Amino acid sequence: MTFRGNIVGIDSPEALERALRTAYYLADEGLATAAYLALALGKPLLLEGAPGVGKTEAAKAIAAVLGRRLIRLQCYEGIDASAALYEWNYPRQMLAIRQAGEESIDIYGETFLIERPMLASLRAPDSTVLLIDEIDRADQEFEAFLLEFLSDFQISIPERGTVRATERPVVVLTSNRTRDLHEALRRRCVYHWIDYPTAEREARIVMMRASSVAEATARAVVAAVGKLRREPLSKAPGIAEAVDWAEAATLLHARGARWPDAFKRSIGVALKDEEDLTFISGRLDALIAEAAP
(Lines give C-alpha, C1' and ligand atoms only; values in the text may rest on other atoms or scores of the structure.)
Protein backbone atom coordinates (compact mmCIF):
# COMPACT_ATOMS: atom_id res chain seq x y z
CA MET A 1 0.00 0.00 0.00
CA THR A 2 1.26 3.45 -0.93
CA PHE A 3 1.82 5.77 2.00
CA ARG A 4 2.38 9.46 1.67
CA GLY A 5 3.44 10.73 5.06
CA ASN A 6 3.25 14.38 4.03
CA ILE A 7 1.05 15.91 1.34
CA VAL A 8 2.22 19.45 0.52
CA GLY A 9 2.74 20.17 4.20
CA ILE A 10 -0.49 18.46 5.33
CA ASP A 11 0.54 15.95 7.96
CA SER A 12 -2.74 15.36 9.81
CA PRO A 13 -6.52 15.55 9.41
CA GLU A 14 -6.48 18.72 11.50
CA ALA A 15 -3.97 20.34 9.14
CA LEU A 16 -6.15 19.38 6.16
CA GLU A 17 -9.23 20.81 7.87
CA ARG A 18 -7.43 24.13 8.37
CA ALA A 19 -6.20 24.12 4.77
CA LEU A 20 -9.70 23.44 3.43
CA ARG A 21 -10.95 26.40 5.42
CA THR A 22 -8.59 28.64 3.44
CA ALA A 23 -10.30 27.27 0.31
CA TYR A 24 -13.67 28.39 1.76
CA TYR A 25 -14.76 24.86 2.64
CA LEU A 26 -15.75 23.98 6.20
CA ALA A 27 -15.07 20.28 6.66
CA ASP A 28 -16.07 18.46 9.80
CA GLU A 29 -13.72 16.04 11.56
CA GLY A 30 -15.09 13.00 9.74
CA LEU A 31 -14.63 14.41 6.25
CA ALA A 32 -11.20 15.86 7.03
CA THR A 33 -10.07 12.49 8.39
CA ALA A 34 -11.39 10.50 5.43
CA ALA A 35 -9.87 12.91 2.91
CA TYR A 36 -6.52 12.90 4.71
CA LEU A 37 -6.41 9.10 4.81
CA ALA A 38 -7.30 8.86 1.13
CA LEU A 39 -4.44 11.23 0.28
CA ALA A 40 -1.95 9.62 2.65
CA LEU A 41 -2.76 6.03 1.64
CA GLY A 42 -3.02 6.76 -2.07
CA LYS A 43 -6.60 5.52 -2.29
CA PRO A 44 -9.66 7.02 -4.01
CA LEU A 45 -12.07 8.97 -1.82
CA LEU A 46 -15.75 8.03 -2.17
CA LEU A 47 -18.18 10.67 -0.93
CA GLU A 48 -21.88 9.85 -0.67
CA GLY A 49 -24.76 12.03 0.43
CA ALA A 50 -27.91 13.79 -0.65
CA PRO A 51 -27.67 16.26 -3.55
CA GLY A 52 -26.41 19.65 -2.41
CA VAL A 53 -24.45 18.66 0.72
CA GLY A 54 -21.09 19.71 -0.74
CA LYS A 55 -19.56 16.57 -2.25
CA THR A 56 -18.40 18.17 -5.48
CA GLU A 57 -17.30 21.30 -3.62
CA ALA A 58 -15.16 19.10 -1.37
CA ALA A 59 -13.30 17.78 -4.41
CA LYS A 60 -12.80 21.31 -5.71
CA ALA A 61 -11.47 22.43 -2.34
CA ILE A 62 -9.07 19.48 -2.13
CA ALA A 63 -7.72 20.36 -5.58
CA ALA A 64 -7.30 24.00 -4.50
CA VAL A 65 -5.47 22.99 -1.32
CA LEU A 66 -3.10 20.75 -3.28
CA GLY A 67 -2.58 23.41 -5.93
CA ARG A 68 -3.71 21.01 -8.66
CA ARG A 69 -5.98 21.21 -11.69
CA LEU A 70 -9.37 19.59 -11.19
CA ILE A 71 -10.40 17.23 -14.00
CA ARG A 72 -14.11 16.47 -13.81
CA LEU A 73 -15.71 13.39 -15.34
CA GLN A 74 -19.47 13.95 -15.12
CA CYS A 75 -21.23 10.58 -15.20
CA TYR A 76 -24.56 10.00 -16.91
CA GLU A 77 -26.69 7.09 -18.04
CA GLY A 78 -25.01 5.43 -21.01
CA ILE A 79 -21.53 6.87 -20.46
CA ASP A 80 -18.89 4.60 -21.99
CA ALA A 81 -15.13 4.13 -21.97
CA SER A 82 -14.50 6.48 -24.90
CA ALA A 83 -16.03 9.39 -22.99
CA ALA A 84 -13.88 8.61 -19.95
CA LEU A 85 -10.56 7.41 -21.40
CA TYR A 86 -9.69 8.56 -24.92
CA GLU A 87 -10.87 8.79 -28.50
CA TRP A 88 -9.12 8.83 -31.85
CA ASN A 89 -9.58 11.89 -34.00
CA TYR A 90 -10.94 10.04 -37.04
CA PRO A 91 -11.46 13.08 -39.31
CA ARG A 92 -7.87 14.14 -38.70
CA GLN A 93 -6.64 10.58 -39.30
CA MET A 94 -8.46 10.38 -42.63
CA LEU A 95 -7.11 13.77 -43.68
CA ALA A 96 -3.58 12.71 -42.78
CA ILE A 97 -3.94 9.51 -44.82
CA ARG A 98 -5.07 11.44 -47.89
CA GLN A 99 -2.27 13.97 -47.51
CA ALA A 100 0.38 11.26 -47.03
CA GLY A 101 -0.39 9.65 -50.37
CA GLU A 102 2.01 6.75 -50.91
CA GLU A 103 4.09 7.57 -47.84
CA SER A 104 3.63 5.59 -44.65
CA ILE A 105 2.10 7.37 -41.69
CA ASP A 106 1.38 6.44 -38.10
CA ILE A 107 -2.28 7.38 -37.66
CA TYR A 108 -2.10 6.35 -34.00
CA GLY A 109 0.43 8.95 -33.04
CA GLU A 110 0.06 11.46 -30.25
CA THR A 111 -1.37 14.15 -32.51
CA PHE A 112 -4.42 11.99 -33.27
CA LEU A 113 -5.18 11.02 -29.67
CA ILE A 114 -7.94 12.92 -27.86
CA GLU A 115 -7.48 12.75 -24.10
CA ARG A 116 -10.47 12.25 -21.88
CA PRO A 117 -10.47 12.78 -18.08
CA MET A 118 -9.14 9.40 -16.92
CA LEU A 119 -6.24 9.32 -19.38
CA ALA A 120 -5.40 12.94 -18.60
CA SER A 121 -5.16 12.13 -14.89
CA LEU A 122 -2.90 9.13 -15.53
CA ARG A 123 -0.53 11.24 -17.59
CA ALA A 124 -0.31 14.04 -15.02
CA PRO A 125 -0.91 12.37 -11.65
CA ASP A 126 1.23 14.88 -9.74
CA SER A 127 -0.63 17.96 -10.93
CA THR A 128 -4.29 16.92 -11.21
CA VAL A 129 -7.23 15.74 -9.13
CA LEU A 130 -9.69 13.49 -10.94
CA LEU A 131 -13.32 13.96 -9.92
CA ILE A 132 -15.65 11.15 -11.03
CA ASP A 133 -18.89 12.95 -10.29
CA GLU A 134 -22.21 11.20 -9.61
CA ILE A 135 -20.98 7.69 -10.34
CA ASP A 136 -24.42 6.40 -9.36
CA ARG A 137 -25.83 7.93 -12.57
CA ALA A 138 -23.68 5.59 -14.68
CA ASP A 139 -24.73 2.00 -15.28
CA GLN A 140 -23.16 -1.02 -13.61
CA GLU A 141 -21.10 -1.87 -16.71
CA PHE A 142 -19.26 1.43 -16.47
CA GLU A 143 -18.82 0.96 -12.75
CA ALA A 144 -17.23 -2.45 -13.41
CA PHE A 145 -14.97 -0.85 -16.01
CA LEU A 146 -13.68 1.53 -13.30
CA LEU A 147 -12.50 -1.28 -11.03
CA GLU A 148 -9.20 -1.97 -12.81
CA PHE A 149 -8.46 1.72 -13.13
CA LEU A 150 -9.02 2.32 -9.41
CA SER A 151 -6.91 -0.71 -8.48
CA ASP A 152 -3.87 -0.38 -10.76
CA PHE A 153 -4.25 3.15 -12.18
CA GLN A 154 -3.49 2.03 -15.68
CA ILE A 155 -5.33 1.70 -18.96
CA SER A 156 -4.63 -0.20 -22.15
CA ILE A 157 -4.68 1.50 -25.54
CA PRO A 158 -4.51 -1.37 -28.05
CA GLU A 159 -2.73 0.71 -30.69
CA ARG A 160 -0.18 2.19 -28.27
CA GLY A 161 0.15 -0.13 -25.28
CA THR A 162 -0.46 0.33 -21.57
CA VAL A 163 -0.42 3.74 -19.93
CA ARG A 164 0.49 3.64 -16.23
CA ALA A 165 0.54 6.48 -13.77
CA THR A 166 4.00 7.28 -12.41
CA GLU A 167 2.37 7.75 -9.01
CA ARG A 168 -1.10 7.19 -7.64
CA PRO A 169 -3.35 10.02 -8.81
CA VAL A 170 -5.72 11.76 -6.43
CA VAL A 171 -9.23 10.54 -7.25
CA VAL A 172 -12.53 11.63 -5.70
CA LEU A 173 -15.81 9.86 -6.51
CA THR A 174 -19.22 11.23 -5.56
CA SER A 175 -22.60 9.52 -5.37
CA ASN A 176 -26.10 10.76 -4.59
CA ARG A 177 -27.03 7.15 -3.81
CA THR A 178 -29.77 6.92 -6.40
CA ARG A 179 -28.62 3.30 -6.63
CA ASP A 180 -26.31 1.11 -4.59
CA LEU A 181 -22.71 0.94 -5.72
CA HIS A 182 -21.00 -2.42 -6.05
CA GLU A 183 -19.09 -3.67 -3.03
CA ALA A 184 -15.95 -4.13 -5.15
CA LEU A 185 -15.91 -0.41 -5.91
CA ARG A 186 -16.40 0.54 -2.27
CA ARG A 187 -13.53 -1.72 -1.16
CA ARG A 188 -11.11 0.24 -3.29
CA CYS A 189 -11.97 3.55 -1.66
CA VAL A 190 -11.87 5.45 1.60
CA TYR A 191 -15.55 6.12 2.29
CA HIS A 192 -17.37 9.02 3.89
CA TRP A 193 -21.05 9.95 4.10
CA ILE A 194 -21.69 13.69 4.00
CA ASP A 195 -24.88 14.76 5.74
CA TYR A 196 -26.45 18.20 5.84
CA PRO A 197 -24.45 20.33 8.28
CA THR A 198 -25.78 21.49 11.61
CA ALA A 199 -27.54 24.85 11.59
CA GLU A 200 -24.53 26.47 13.27
CA ARG A 201 -22.07 25.09 10.71
CA GLU A 202 -24.32 25.92 7.76
CA ALA A 203 -24.68 29.51 8.96
CA ARG A 204 -20.89 29.75 9.09
CA ILE A 205 -20.70 28.34 5.56
CA VAL A 206 -23.21 30.91 4.29
CA MET A 207 -21.26 33.77 5.87
CA MET A 208 -17.98 32.40 4.54
CA ARG A 209 -19.23 31.96 0.97
CA ALA A 210 -21.30 35.15 0.92
CA SER A 211 -19.33 37.78 2.79
CA SER A 212 -21.96 40.50 2.21
CA VAL A 213 -24.60 38.56 4.16
CA ALA A 214 -25.21 39.57 7.78
CA GLU A 215 -25.13 36.90 10.47
CA ALA A 216 -28.82 37.39 11.29
CA THR A 217 -29.73 36.89 7.62
CA ALA A 218 -27.56 33.78 7.36
CA ARG A 219 -29.18 32.23 10.43
CA ALA A 220 -32.67 33.09 9.17
CA VAL A 221 -31.99 31.47 5.80
CA VAL A 222 -30.52 28.38 7.43
CA ALA A 223 -33.56 28.06 9.68
CA ALA A 224 -35.93 28.38 6.72
CA VAL A 225 -33.93 25.96 4.59
CA GLY A 226 -33.92 23.46 7.45
CA LYS A 227 -37.72 23.61 7.56
CA LEU A 228 -37.95 23.19 3.78
CA ARG A 229 -35.74 20.08 3.91
CA ARG A 230 -38.19 18.46 6.27
CA GLU A 231 -40.98 18.89 3.72
CA PRO A 232 -41.69 16.18 1.09
CA LEU A 233 -40.14 18.17 -1.74
CA SER A 234 -38.85 16.66 -4.96
CA LYS A 235 -35.73 18.88 -4.87
CA ALA A 236 -34.78 19.96 -1.37
CA PRO A 237 -32.50 23.03 -1.26
CA GLY A 238 -28.83 22.25 -0.75
CA ILE A 239 -26.10 24.32 0.82
CA ALA A 240 -25.47 26.18 -2.45
CA GLU A 241 -29.14 27.18 -2.56
CA ALA A 242 -28.93 28.42 1.03
CA VAL A 243 -25.97 30.64 0.09
CA ASP A 244 -27.75 31.91 -3.02
CA TRP A 245 -30.95 32.63 -1.10
CA ALA A 246 -29.08 34.60 1.53
CA GLU A 247 -27.31 36.65 -1.14
CA ALA A 248 -30.52 37.22 -3.13
CA ALA A 249 -32.53 38.31 -0.09
CA THR A 250 -29.70 40.63 1.00
CA LEU A 251 -29.61 42.18 -2.48
CA LEU A 252 -33.37 42.79 -2.53
CA HIS A 253 -33.24 44.27 0.96
CA ALA A 254 -30.46 46.61 -0.15
CA ARG A 255 -32.72 47.69 -3.03
CA GLY A 256 -35.56 48.56 -0.67
CA ALA A 257 -37.46 45.34 0.00
CA ARG A 258 -38.42 44.82 3.64
CA TRP A 259 -37.86 41.77 5.75
CA PRO A 260 -39.34 39.19 5.52
CA ASP A 261 -40.69 40.13 2.06
CA ALA A 262 -37.13 39.98 0.67
CA PHE A 263 -36.98 36.29 1.62
CA LYS A 264 -40.33 35.49 0.01
CA ARG A 265 -39.62 37.31 -3.25
CA SER A 266 -36.28 35.49 -3.69
CA ILE A 267 -37.64 31.98 -2.98
CA GLY A 268 -36.92 31.03 -6.61
CA VAL A 269 -33.21 30.69 -5.86
CA ALA A 270 -33.93 28.15 -3.12
CA LEU A 271 -36.76 26.10 -4.65
CA LYS A 272 -36.39 25.38 -8.35
CA ASP A 273 -39.32 23.11 -9.08
CA GLU A 274 -42.85 24.27 -9.95
CA GLU A 275 -44.53 21.50 -7.95
CA ASP A 276 -42.41 22.28 -4.89
CA LEU A 277 -43.27 25.97 -5.09
CA THR A 278 -46.97 25.16 -5.44
CA PHE A 279 -46.83 22.70 -2.56
CA ILE A 280 -45.18 25.14 -0.17
CA SER A 281 -46.90 28.35 -1.29
CA GLY A 282 -49.76 28.14 1.21
CA ARG A 283 -47.35 27.95 4.16
CA LEU A 284 -44.50 30.03 2.83
CA ASP A 285 -45.46 33.22 4.69
CA ALA A 286 -45.62 31.45 8.02
CA LEU A 287 -42.42 29.50 7.39
CA ILE A 288 -40.45 32.61 6.49
CA ALA A 289 -41.97 34.64 9.31
CA GLU A 290 -40.80 32.05 11.85
CA ALA A 291 -37.27 32.13 10.46
CA ALA A 292 -36.84 35.81 9.56
CA PRO A 293 -34.73 38.01 11.84
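Worth knowing before you read on, the calculation uses all heavy atoms, side chains too, and leaves out hydrogens, waters and symmetry mates. Just so it is clear, the structure is predicted and the values come from calculations on it, not from any experiment.
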Please check this pair: side chain of [X] against backbone of [Y], looking for a donor-acceptor N/O pair closer than 3.5 Å.
{"X": "Asp136", "Y": "Asn176", "value": "yes"}
{"X": "Arg68", "Y": "Pro125", "value": "yes"}
{"X": "Asp276", "Y": "Ser234", "value": "yes"}
{"X": "Lys227", "Y": "Leu287", "value": "no"}
{"X": "Asp244", "Y": "Val269", "value": "no"}
{"X": "Glu241", "Y": "Gly238", "value": "yes"}
{"X": "Arg69", "Y": "Val129", "value": "no"}
{"X": "Lys55", "Y": "Leu46", "value": "no"}
{"X": "Asp152", "Y": "Gln154", "value": "no"}

Kindly confirm or rule out a cation-pi arrangement of Arg283 over Phe279, judged by NZ or CZ under 6.0 Å from the six-membered ring centre and within 45° of its axis?
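Flagged: Arg283 positioned over aromatic ring of Phe279.
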So, is the end of the Arg229 side chain (NZ or CZ) under 6.0 Å from the ring centre of Tyr196 and within 45° of the ring's axis?
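Yes, a cation-pi geometry.
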In terms of side-chain heavy atoms, does Tyr25 have a donor or acceptor partner in Glu57 at a distance below 3.5 Å?
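No, no side-chain donor-acceptor contact under 3.5 Å.
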I'd like to know if the side chain of Arg137 pairs up with that of Thr178 as donor and acceptor (distance under 3.5 Å, no hydrogens or angles considered).
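There is no such pair between these side chains.
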Roughly how far apart are [X] [atom1] and [Y] [atom2], rounded to 0.5 Å?
{"X": "Leu85", "Y": "Ser156", "atom1": "CG", "atom2": "OG", "result": "10.0 Å"}
{"X": "Trp193", "Y": "Leu31", "atom1": "CH2", "atom2": "CG", "result": "13.5 Å"}
{"X": "Phe145", "Y": "Ile155", "atom1": "CZ", "atom2": "CD1", "result": "7.5 Å"}
{"X": "Leu70", "Y": "Leu131", "atom1": "CG", "atom2": "CG", "result": "5.5 Å"}

May I ask you to test the [X]-[Y] pair for a side-chain heavy-atom distance under 4.5 Å?
{"X": "Asp139", "Y": "Glu77", "result": "no"}
{"X": "Leu113", "Y": "Asn89", "result": "no"}
{"X": "Ile62", "Y": "Leu20", "result": "yes"}
{"X": "Val163", "Y": "Ile157", "result": "yes"}
{"X": "Leu26", "Y": "Arg21", "result": "yes"}
{"X": "Leu45", "Y": "Val171", "result": "no"}
{"X": "Met118", "Y": "Phe149", "result": "yes"}

What are the two closest non-hydrogen atoms of [X] and [Y], and how far apart are they?
{"X": "Ala242", "Y": "Val221", "value": "O-CG1, 3.4 Å"}
{"X": "Met207", "Y": "Val213", "value": "CG-O, 4.3 Å"}
{"X": "Arg177", "Y": "Asp180", "value": "NE-OD1, 4.1 Å"}
{"X": "Leu16", "Y": "Ala35", "value": "CD2-CB, 3.6 Å"}
{"X": "Leu252", "Y": "Arg265", "value": "CD1-CB, 3.9 Å"}
{"X": "Cys75", "Y": "Ile135", "value": "SG-CA, 3.9 Å"}

Hey, mind stepping through Arg258 and His253 against side-chain contact (heavy atoms from CB on, under 4.5 Å) and telling me if it holds?
CA-CA 6 Å; Arg258 300 190 175 207; His253 179 63; 5.7 Å; no
Under 4.5 Å between side-chain heavy atoms, hopping through other hydrophobics if needed: is there a path connecting [X] to [Y]?
{"X": "Leu181", "Y": "Tyr76", "value": "yes"}
{"X": "Leu228", "Y": "Val206", "value": "no"}
{"X": "Tyr24", "Y": "Leu66", "value": "no"}
{"X": "Met208", "Y": "Trp245", "value": "no"}

Take Val170 and Thr128 through the side-chain contact (heavy atoms from CB on, under 4.5 Å) test and state the conclusion after the steps.
CA-CA 7 Å; Val170 176; Thr128 61; over 6 Å; no
Please check if the number of heavy atoms outside [X] that lie under 6.0 Å from its [atom1] is greater than 12.
{"X": "Glu274", "atom1": "CD", "value": "no"}
{"X": "Glu159", "atom1": "CD", "value": "yes"}
{"X": "Arg179", "atom1": "CZ", "value": "yes"}

With side-chain contact (heavy atoms from CB on, under 4.5 Å) as the criterion, how do Glu48 and Ile194 come out once you've worked through the C-alpha distance, each side chain's angles and the decisive distance to 0.1 Å?
CA-CA 6 Å; Glu48 276 196 321; Ile194 301 183; over 6 Å; no
Criterion salt bridge (Lys or Arg N to Asp or Glu O under 4.0 Å) on Arg204 and Glu200, from CA distance to verdict
CA-CA 6 Å; Arg204 290 172 58 199; Glu200 179 65 29; 5.5 Å; no
Just do the salt bridge (Lys or Arg N to Asp or Glu O under 4.0 Å) check on Lys264 and Asp285 with the steps written out, would you?
CA-CA 7 Å; Lys264 183 179 179 180; Asp285 286 335; 2.9 Å; yes
Take Gln93 and Trp88 through the side-chain contact (heavy atoms from CB on, under 4.5 Å) test and state the conclusion after the steps.
CA-CA 8 Å; Gln93 287 175 320; Trp88 292 110; 3.9 Å; yes
Could you walk me through whether Ser151 and Arg188 pass the side chain to side chain donor-acceptor pair (under 3.5 Å) test, one step at a time?
CA-CA 7 Å; Ser151 293; Arg188 286 162 171 76; 2.4 Å; yes
Which residue in the set Leu73, Thr174, Thr56, Leu173 passes side-chain contact (heavy atoms from CB on, under 4.5 Å) when paired with Glu134?
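Answer after filtering Leu73, Thr174, Thr56, Leu173: Thr174.
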